[in-house]
Amino acid sequence: MQRLTIAPRPNWKLKAHEYGFNFHTLLGEPYWREDAYYSFSLAQIENDIEAPTLELHQMCLHAVAQVVNNEQRLQQFCIPPAHWDLIADSWRRQDPSLYSRLDLAYTGQGPAKLLENNADTPTSLYETGFWQWLWLEDQLQAGLLPAGADQYNLLQEKLIERFRQLKSQFPDRLLHLSCCQDSSEDRGTVQYLADCALEAGVANEFVFIEDIGLSKRGTFTDLNNGEIRWLFKLYPWEFMLREAFAEHIYPSKTQWLEPPWKALVSNKAILPLLWQLFPNHPNLLPAYFENDPKAEFTGRYVKKPIFAREGANISIWQGDQPILASDGPYGAEGYIVQSYTPLPEFNGRHALVGSWLVNDEACGLSIREDSSAITQNLSAYLPHVITP
Amino acid sequence: MKRSQIINLNRMRKYSGVFALKPLALCMTVLFAGCESNEQQADIFKTLEECKTTYPDLSAQCEMAFNESLKKAEDTAPKYKTMDDCIIDFGPERCTPYKSADGNSWFMPAMAGFMLARALDDNRRYNTAPMFTSSINSSPYYNRWTTVDGNSYGDYRNRQVRTNTDVFRPQPRITKTIERGGFGSKASAASSWGSSTKSSSRSGWGG
């Protein structure tokens, strides 16, 4: 694993406009950077990222099965009791899922360590599935990358394939896609999924989360009063289950992407549970609930809220001394603690690996770098290459 | 190879004006599945009888398509609170009261015809969609064939049209919304935190 510099494509901003990638620069800071890329060997990708990703995903599914019918666990996962049936039923029915991103600490050697599983609302999807792919093709053509350079990236292809499977499962169903207002990144992510769905022949419509309505029949509706029967929501389950329409979720009989059981996978409480179920697994870090007497670390450890987004409210500790902390609005539901493992540093930047799954298939990689040891939502995205 | 060999760039392109595109050249490369035409020939019949007369061999198909379209019209046509609202768009003789199974009363344009597109390889397979028209000359649908999503299919007197298969895509069932805004409050509460340091244009709810 290396960080190598490369000349950016001279026309990339025009191209970004052409393809509708309009969140590459944020607050004047580059979010997408192509003046450098990360390079991996094929063995690193296949042995250290892909294989553990598949295994970690199966371990997470195993963990979910331990939670759905266990009241004590559901409480630890901070699922409101009114929604236990929603989640248990969705698991029993095996409601289909779409995608996930595992965040891994990986230095290029030794086992990658699972930091968390973004299984409910992963973003940086477009940048990964399409935009870095296009970068690779362009740079290969320009001769700036070694011939035969590859990328670990079947993400878009697998998404389209997944939508095809879902279409055969629900042949005449219209898909609604939704995200919050005022986020160009989320809107771009959802537009990308709409494009992938359309490529697979899945007809779809868009509605903002805030615009969703409720009909007399108890179904959710779009702004044209059209019924929503199948909804992709780039909006966390832990929010939805605590909002005004929460009680209507179950009776509405909506088919959800991601399905309700994903609320358990994306939950930080799965980290201590995984450690309990698979102690000393090479791809796991020791993790405990905050109040667990076993939560004693000799070295540094990280405190994470049960629910949090984009690196908010995370703190790094040594004993009872905080070393670094990010602020944010989360933490009301409690915390888990996880042994600290440093992210590799390149050029003074900390690199975080995102490993992508579509349903059960591992199929792509993304890299984010941040000047802080806590990767947050303004960290930069860089493309990667598998060097021949 | 660990990456996709082909991505349909046409599907991904949002603005074609940036570069001088040569659509013809693009279509010649097999990569661009978006160049495939999904247009097809279709008939629009004002009545079931008209369909049966045109295709005597397919009278059963005519009947099924007609009934299917009627059902689609009830579920998916625009619904209005008052007759007057409907008349503004479609005209007095084109509007009809409608009561849905769940007891909602409203007004909707009556189906003025139905589109029938037969599969090229098999006469018995078809797609169908309800068609509407307006008798009000200030309406965009005046004397034109229109579908539930408001797309125009030309002069109301035409019987044969070229259509895009999008017209047959699933449409949402139209219902009455009694309340809105029940989702999204947690996001706005959380985003009010730190709004001075972060642009709302990026702090989304993904992660």
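Sequence lines set the chain letters: A, B, ... in the order given, protein chains first and strands last, and positions in each chain run from 1. This one's a predicted model, so the numbers in the text were calculated from it and none came from an experiment.
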Part of Glu116(A) lying under 4.5 Å from any heavy atom of chain B: neither
Residues in side-chain hydrogen bond (donor to acceptor under 3.5 Å, both in side chains) contact with Asp89(B), at least two apart in sequence or another chain: Tyr80(B)
Pick from Gly354(A), Gly364(A), Gly226(A) with the largest number of heavy-atom pairs that fall under 4.5 Å of chain B: Gly226(A)
Residue part contacting chain B, namely of Phe21(A), when any heavy atom lies under 4.5 Å: neither
Beyond-backbone contact of Phe307(A) with Lys268(A), side-chain heavy atoms, under 4.5 angstrom: no
Side chain, backbone, both or neither of Ile228(A) within contact of chain B (heavy atoms, under 4.5 Å): neither
Region of Asn204(A) in contact with chain B, defined by heavy-atom distances below 4.5 Å: backbone
Among the listed options Gly188(A), Cys179(A), Gly20(A), Ser215(A), the residue most often paired with chain B at heavy-atom distances under 4.5 Å: Ser215(A)
Which portion of Ile386(A) sits near chain B, non-hydrogen atoms under 4.5 angstrom: side chain
Portion of Arg173(A) that has a non-hydrogen atom of chain B nearer than 4.5 angstrom: backbone
Interface residues of residues 171-179 of chain B facing chain A - non-hydrogen atoms under 4.5 Å apart: Gln171(B), Pro172(B), Arg173(B), Ile174(B), Thr175(B), Lys176(B), Thr177(B), Ile178(B), Glu179(B)
Chi angles and distances behind the side chain to side chain donor-acceptor pair (under 3.5 Å) call for Asp195(A), Gln191(A): CA-CA 6 Å; Asp195(A) 289 339; Gln191(A) 181 56 49; 3.0 Å; yes
Structural part of Asp120(A) lying under 4.5 Å from a heavy atom of chain B: neither
Option in Thr189(A), Leu198(A), Asn224(A) with maximal non-hydrogen atom pairs under 4.5 Å from chain B: Leu198(A)
Chain B interface, residue from Leu223(A), Ile160(A), Ile45(A) that has the most non-hydrogen pairs under 4.5 Å: Leu223(A)
With Arg3(B), the side chain to side chain contact (heavy atoms under 4.5 Å, CB included) member among Leu155(A), Val385(A), Leu136(A): Leu136(A)
Which portion of Glu205(A) sits near chain B, non-hydrogen atoms under 4.5 angstrom: side chain
Donor-acceptor contact below 3.5 Å, side chain Asp43(B) vs main chain Gln160(B): no
Portion of Leu42(A) that has a non-hydrogen atom of chain B nearer than 4.5 angstrom: side chain
Aromatic plane relationship, Phe220(A) with Phe183(B) - under 30° parallel, 30 to 60° tilted, over 60° perpendicular: tilted
Toward chain B, the part of Asp211(A) with a non-hydrogen atom under 4.5 Å: backbone
Carboxylate-amine/guanidinium contact Lys158(A) Glu161(A), below 4.0 Å: yes
Min side-chain heavy-atom separation Leu159(A)-Leu125(A) under 4.5 Å: yes
Residues Asp85(B), Lys79(B): salt bridge by 4.0 Å N-O rule: no
Structural part of Phe208(A) lying under 4.5 Å from a heavy atom of chain B: neither
Ala149(A) versus chain B, the contacting section by heavy-atom distance below 4.5 Å: backbone
NZ/NE/NH1/NH2 to OD/OE distance under 4.0 Å, Glu238(A) and Lys186(B): no
Closest contact, heavy atoms only, Gln156(A) versus Phe130(A): OE1-CB, 3.6 Å
Note: Glu258(A)-Lys233(A) ion pair, threshold 4.0 Å (strictly below): no
Whether Phe114(B) and Phe45(B) hold their rings parallel, tilted or perpendicular, with breakpoints at 30° and 60°: tilted
Closest-packed option against chain B by number of heavy-atom pairs under 4.5 Å, given Leu154(A), Leu175(A), Ile209(A): Leu154(A)
Chain B interface, residue from Arg229(A), Arg187(A), His248(A), Glu46(A) that has the most non-hydrogen pairs under 4.5 Å: Glu46(A)
Expected output: side-chain Asn153(A) to main-chain Thr128(A) donor-acceptor under 3.5 Å: yes
Interchain contact, Gln151(A) with chain B, by part (heavy-atom threshold 4.5 Å): both
Heavy-atom side-chain proximity of Phe40(A) to Thr387(A) below 4.5 angstrom: no
Side chain, backbone, both or neither of Ile249(A) within contact of chain B (heavy atoms, under 4.5 Å): side chain
Side-chain donor/acceptor of Arg180(B) to backbone N/O of Asp222(A), under 3.5 Å: yes
